[in-house]
Number of protein chains: 2
Amino acid sequence: MQGKRMNAEAEAPQVCKACEARHGGVCSTLSVLQLIELNRHSTRRRVGAGDEVIGQGEQISTYSNILNGVVKLSKMMADGRQQIVGLQFAPDFMGRPFLKESSLTAEAATDAEICAFPRAVIDRIVNESPDFEHKLHTQSLKELDEARDWMLTLGRKTAQEKVASFLYLIATHINPMEKFSKSFDLPLSRADIADFLGLTIETVSRQMTKLRKDGVIVIENNRHVTVPDAHRLKDAAGVD
Amino acid sequence: MQGKRMNAEAEAPQVCKACEARHGGVCSTLSVLQLIELNRHSTRRRVGAGDEVIGQGEQISTYSNILNGVVKLSKMMADGRQQIVGLQFAPDFMGRPFLKESSLTAEAATDAEICAFPRAVIDRIVNESPDFEHKLHTQSLKELDEARDWMLTLGRKTAQEKVASFLYLIATHINPMEKFSKSFDLPLSRADIADFLGLTIETVSRQMTKLRKDGVIVIENNRHVTVPDAHRLKDAAGVD
DNA sequence: CGGGGACTTGATAGTTTTCAATTCAAGTGG
DNA sequence: CCACTTGAATTGAAAACTATCAAGTCCCCG
């Protein structure tokens, strides 16, 4: 211990030690040395709800980890119609490896904190470290599974089931510590929920009201939702 | 040359040499030795239209390469509603790495040929060969991009645009040699198209008729489609 | 040539959207 | 502290789109 400075005993950067993304995030596969290297180039950043992290068609210059908050990924058509194609929660990795240009827009849905890395550094680590690519691959596959689940929701469910599916998704993702949160603030506005479900604001509102009147959920202040019975919500969502 | 038999000069298996999947498929990253090893355990198989390759909820015991034909990936709800969440063309790799159970059904849409590998062999090669995992990762990302594009179609496009989008997708994927095929046989029945677009058979039929009457497409014998002007189809699909 | 599945077409019903008005909550400034 | 403004959300009525139900037609195949 006396001043020995072997590489193997180097310490992880202070900010990483306390970082939510290390537990389950992509950084968890990195060696202490890689962590130090990556940390040297990373910038922790706070973004406000509504801020754009990257725009559809822009050059991809950085990737990021989400430390807390919710980020929405969306696509827009030429005439303005919009579809949210994914939500990302801590400790998700954000960015599309191996592509120069982003095919979607990433925008903070809530206030959020992210840890941003220059593209070049990540690309190098991917080449050097198979474990790191494996971790990214695993997350890509998870996102693909989620996207396909959502395709079933978009294509085949009724408005009622769609809204219930959305609430179920949030209840199961908003708090990484819980399997199902019985009470939570919605991270999305009615307009965003509509864009996620392929509905209009009015239809979302009507179906929320119906779920409330049916006793499946309790709503306070428009944004706070309580779910007395997870099974009833799951049934309403049409989930097996 | 005189009878030298060094490993580096071993020959790729005869079947692999002629294999479509080697050109652009995952096998293209393998060394000759790995190819020999993989080939020892692979079985080439012909499946008829409608045959199930793997079922939702089943154990995943094999992965496969598609050599020719089209395979549809679909999800079903408890009450029978169904959604096709992806189409795979040669030389796509089929299977969900790192998961024991399939979350979807893979079924041949047309007669097809596939090259099947036992799960264990692939899993080992993934561990040994970072290039192979990289190739799988790349394909996963491509599928994720396609899934998200389709989410926009499912959530925000009209029936007319959906059908045009489907035809555009087929025209750009049915023949790996062409960027856009002006004439092709539809690999899916009207029922399958409906399940892919989140519509009913009748609506698909009506929109096909409308596109035909508008001169965007020519239909012969129900299954054969000709597209006189790719731009008109693209516009009808609402693609930027 | 007949049977049967796949596809089309028509009429009607149902769901979701659109348009419009209203309520609500939270700030802002007098 | 109370109007007033503003943006978000709810509610209502009418319109539009897609699904459903019900015949037909076409085409492949024996």
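Residue numbers start from 1 in every chain, and the chains themselves are labelled A, B, ... in the order their sequence lines are given, proteins ahead of strands.
In this model, a donor atom of one side chain and an acceptor atom of the other lie less than 3.5 Å apart for A:E178 and A:S181.
Considering only side-chain N and O atoms, B:T203 lies nowhere under 4.0 angstrom from the phosphate OP1 or OP2 of D:dT18. Not one side-chain nitrogen or oxygen of A:S189 sits closer than 4.0 Å to the OP1 or OP2 atom of D:dA8. At C:dT9, one or more side-chain N or O atoms of B:T209 fall inside 4.0 Å of OP1 or OP2 (strictly under the cut-off).
One cannot find a donor-acceptor pair under 3.5 Å joining the base of D:dC17 and the side-chain atoms of B:Q160. Taking only distance into account, the side chain of B:E202 meets the base of D:dC21 through a donor-acceptor pair shorter than 3.5 Å.
Two residues, B:I219 and A:N222, neighbour DNA chain C, and the one matched to the more 5' nucleotide by heavy-atom proximity is B:I219.
Side chain of A:T158, nearest nucleotide from C:dG10, D:dT18, C:dT16: C:dT16. Ranking D:dA22, C:dA11, D:dG12 by closeness to the B:R206 side chain, first place goes to C:dA11. When distances are taken from the side chain of B:R223 to each of C:dT17, C:dT9, C:dC7, the shortest belongs to C:dC7. Side-chain proximity of A:Q207 to C:dT18, D:dT20, C:dT16: nearest is C:dT16. Out of C:dC19, C:dT17, C:dT9, the shortest distance to the side chain of A:T200 is found at C:dT17. The listed nucleotides are D:dT10, D:dC27, D:dT18; the one nearest the side chain of B:N221 is D:dC27.
The number of heavy atoms from other shown groups lying within 6.0 Å of CZ (B:R46) does not exceed 12. A 6.0 Å sphere centred on NZ of A:K213 holds no more than 12 heavy atoms belonging to other residues, nucleotides or ligands.
The separation between A:D195 atom CG and C:dT16 atom C1' is 16 Å, rounded to whole Å. Between B:R190 atom CZ and D:dC26 atom P there is a gap of 15 Å when expressed in whole angstrom units. Put simply, CD on B:E220 is 16 Å from P on C:dC7, counting in whole angstrom units. A straight line from CG of A:L154 to P of C:dT16 spans 14 Å, rounded to a whole angstrom. C:dA6 atom C1' lies 8 Å from atom CD1 of B:I201, rounded to whole Å. Taking atom NE2 on A:H224 and atom C1' on D:dA9, their separation rounds to 18 Å, with Å as the unit. Separating the CD1 atom of B:I193 from the C1' atom of C:dA6 is a distance of 12 Å, rounded to the nearest angstrom. Atom CZ of A:R156 is separated from atom P of C:dT16 by 14 Å (rounded to the nearest Å).
Using a 30° and 60° split on the angle between ring planes, B:F180 and B:Y168 fall in the tilted class, from 30° to 60°. The aromatic rings of B:F93 and B:Y63 lie tilted to each other, with the angle between the two planes from 30° to 60°.
Here B:S205 lies in heavy-atom contact (under 4.0 Å) with a base.
Nearest heavy atoms, B:A194 versus B:I201: CB-N, 3.7 Å.
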